[in-house]
Undergrad: 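Submitted below is the structure of interest, expressed as structure tokens.
Atom set for the values below is all heavy atoms of this structure, side chains included, hydrogens, waters and symmetry mates excluded.
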Amino acid sequence: MDNCIFCKIINGEIPSKVAYEDEFVFAFHDINPIAPVHILIVPRTHISTLNDTGPEQKALLGQMALVCKNLARQYNVDEKGYRFVINCGEDGGQEVQHLHAHLIGGRPLGDIATG
Ligand code: AMP
Ligand code: ZN
């Protein structure tokens with residue numbers, strides 16, 4: 001989608017530090033990390049929010065969770081633990097209107113969310 005910062009990251013118009021990519025998802029390091037590991041896992045297709053998903057996104061949403069788990073292992077936070085977060089809408093603190101999940105770990109997270 002034009003003017004979507006995450007679409008531009010996915011198509012390479014805006015540089016990012018890529019952590020993982022496949023046919024469905026693209027994962028890159030958050031530019032403003034709130035923990036030692038902070039990676040965003042993003043569908044390649046533009047979907048604005050979790051509210052815009054349906055049964056047809058079942059496989060995609062599952063893939064986002066599996067990629068999170070695999071990256072947690074790759075970045076050595078799987079054993080101590082981590083957080084998998086999707087912010088949705090204004091009250092949810094969603095700033096970028098392209099569906100994404102945060103993988104956050106590498107320190108005790110307590111009550112913190114993202115944003
Ligand atoms: P959210 O508040 O859930 O919408 O999260 C958006 C996230 O995108 C924030 O954690 C930002 O730090 C991150 N972000 C914004 N622009 C970029 C960028 N160009 N590269 C990497 N991460 C970004
Ligand atoms: Zn987009």
Side-chain angles (χ1 to χ4, degrees):
M1 195 199 206
D2 294 350
N3 278 331
C4 169
I5 188 168
F6 285 180
C7 283
K8 287 183 179 170
I9 286 174
I10 292 161
N11 71 25
E13 264 181 82
I14 294 176
S16 66
K17 205 175 150 203
V18 181
Y20 173 82
E21 56 182 314
D22 66 26
E23 142 183 36
F24 301 108
V25 304
F26 190 87
F28 54 97
H29 294 266
D30 198 292
I31 205 166
N32 188 20
I34 61 165
V37 176
H38 189 169
I39 296 171
L40 301 174
I41 301 159
V42 176
R44 280 194 183 274
T45 53
H46 184 90
I47 298 168
S48 297
T49 79
L50 192 59
N51 285 339
D52 302 302
T53 61
E56 61 280 19
Q57 274 83 39
K58 223 167 165 179
L60 171 68
L61 292 166
Q63 180 65 356
M64 288 169 73
L66 289 173
V67 167
C68 176
K69 181 210 74 170
N70 291 338
L71 285 170
R73 185 167 185 181
Q74 188 181 328
Y75 285 86
N76 294 315
V77 296
D78 56 328
E79 284 184 11
K80 288 205 89 175
Y82 54 91
R83 197 162 287 165
F84 177 59
V85 179
I86 295 177
N87 295 327
C88 183
E90 194 180 341
D91 281 1
Q94 183 177 0
E95 284 167 11
V96 176
Q97 303 306 310
H98 180 132
L99 176 64
H100 55 280
H102 297 250
L103 161 61
I104 309 161
R107 70 172 174 86
L109 296 170
D111 289 336
I112 66 148
T114 65

Undergrad: Please list all pairs meeting salt bridge (charged side-chain N to carboxylate O under 4.0 Å, His left out) that have one or both residues in residues 51-78, counting only residues at least two apart or in different chains.
TA: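 Qualifying pairs: none.
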Undergrad: Kindly write out the residues that satisfy side-chain contact (heavy atoms from CB on, under 4.5 Å) with Asn51, not counting sequence neighbours, or none if the list is empty.
TA: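 For Asn51 the side-chain contact (heavy atoms from CB on, under 4.5 Å) partners, ignoring immediate neighbours, are Thr49, Cys88.
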Undergrad: Distance check, rounded to the nearest 0.5 Å: Leu71 atom CG versus Leu40 atom CG?
TA: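 Rounded to the nearest 0.5 Å, the CG-CG separation comes out at 11.0 Å.
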Undergrad: Mind checking what makes salt bridge (Lys or Arg N to Asp or Glu O under 4.0 Å) contact with Arg107, not counting sequence neighbours?
TA: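 In terms of salt bridge (Lys or Arg N to Asp or Glu O under 4.0 Å), with neighbours along the sequence ignored, Arg107 is linked to no residue.
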Undergrad: Could you report the tightest heavy-atom contact between Ile86 and Ala101, atom names first, then the distance?
TA: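 Closest pair (atom of Ile86, atom of Ala101, distance): CG1-CB, 3.8 Å.
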Undergrad: Tell me which pairs pass salt bridge (charged side-chain N to carboxylate O under 4.0 Å, His left out) where either residue lies in residues 32-45, with sequence neighbours left out.
TA: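 Every pair satisfying salt bridge (charged side-chain N to carboxylate O under 4.0 Å, His left out) with a residue in residues 32-45: Glu21-Arg44.
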Undergrad: Tell me every residue that passes side-chain hydrogen bond (donor to acceptor under 3.5 Å, both in side chains) with Gln63, counting only those two or more places apart in sequence or in another chain.
TA: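 Testing Gln63 for side-chain hydrogen bond (donor to acceptor under 3.5 Å, both in side chains), a comparison that skips the adjacent residues, returns Asp22.
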Undergrad: Quick check on Tyr20: does its OH atom have over 12 non-hydrogen neighbours (other residues, nucleotides or ligands) under 6.0 Å away?
TA: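 For Tyr20, atom OH is crowded (more than 12 foreign heavy atoms under 6.0 Å).
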Undergrad: When you group the ILVMFWY residues by side-chain heavy-atom contacts below 4.5 Å and let the links chain together, are Ile14 and Ile39 in the same group?
TA: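 No, Ile39 does not connect to Ile14 through the hydrophobic network.
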Undergrad: If the test is side chain to side chain contact (heavy atoms under 4.5 Å, CB included), which one of Ile10, Leu60, Val42 qualifies with Val25?
TA: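 Only match with Val25 under side chain to side chain contact (heavy atoms under 4.5 Å, CB included): Leu60.
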Undergrad: For Pro36 and Gly106, which heavy atoms make the closest approach, and how far apart are they?
TA: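 In this case the closest contact between Pro36 and Gly106 is CG-O, 3.4 Å.
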Undergrad: Please give me the minimum heavy-atom distance between Gly105 and Ala35, naming the atom from each residue.
TA: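 That would be O-CB, 3.4 Å.
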Undergrad: Who are the side-chain contact (heavy atoms from CB on, under 4.5 Å) partners of Thr45, not counting sequence neighbours?
TA: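 By the side-chain contact (heavy atoms from CB on, under 4.5 Å) rule, Thr45 matches Pro43, Ile47.
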Undergrad: Supply the atom-to-atom distance Ile41 CD1 to Phe28 CZ, rounded to the nearest 0.5 angstrom.
TA: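 Here the rounded value is 10.0 Å.
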Undergrad: Any salt bridge (charged side-chain N to carboxylate O under 4.0 Å, His left out) pairs touching residues 25-42, not counting sequence neighbours?
TA: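 Counting only pairs at least two positions apart or across chains, no salt bridge (charged side-chain N to carboxylate O under 4.0 Å, His left out) contact touches residues 25-42.
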Undergrad: Of all the heavy-atom pairs spanning Leu103 and Ala72, show the shortest one and how long it is.
TA: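 In terms of heavy atoms, the two residues are closest at CD2-N, 3.8 Å.
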Undergrad: Please test Ile34 against Asn32 for side chain to side chain contact (heavy atoms under 4.5 Å, CB included), starting from the C-alpha separation and ending with a verdict.
TA: CA-CA 7 Å; Ile34 61 165; Asn32 188 20; 5.8 Å; no
Undergrad: Does Val67 share a hydrophobic cluster with Leu99, counting links as ILVMFWY side-chain heavy atoms below 4.5 Å and allowing steps through other members?
TA: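 Hydrophobic grouping puts Val67 with Leu99.
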Undergrad: According to the side-chain hydrogen bond (donor to acceptor under 3.5 Å, both in side chains) rule, which pairs have a member within residues 6-18, sequence neighbours left out?
TA: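 Found Asn11-Glu13.
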Undergrad: Angle class for the His102/His38 ring planes (parallel below 30°, perpendicular above 60°, tilted otherwise)?
TA: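 Ring orientation, 0 to 90° scale: tilted.
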Undergrad: Apart from Leu66 itself, what residues make up its hydrophobic cluster when side-chain heavy atoms of I, L, V, M, F, W and Y under 4.5 Å apart count as a link, directly or indirectly?
TA: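 Noted: Leu66 shares its cluster with no other residue.
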Undergrad: Among pairs that include at least one residue of residues 40-94, which meet ring pair (Phe, Tyr, Trp, His ring centres under 6.0 Å), considering only residues two or more places apart or in two chains?
TA: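 Every pair satisfying ring pair (Phe, Tyr, Trp, His ring centres under 6.0 Å) with a residue in residues 40-94: His29-Tyr75, His46-His98.
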Undergrad: Run the side chain to side chain contact (heavy atoms under 4.5 Å, CB included) test on Leu50 and Leu61 for me, step by step, so that the C-alpha distance in whole Å, both residues' side-chain angles and the decisive distance to 0.1 Å come before the verdict.
TA: CA-CA 9 Å; Leu50 192 59; Leu61 292 166; 3.9 Å; yes
Undergrad: So which residues get pulled into Ile31's cluster when ILVMFWY side chains under 4.5 Å apart are joined, directly or through others?
TA: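 Members besides Ile31: none; it forms no cluster.
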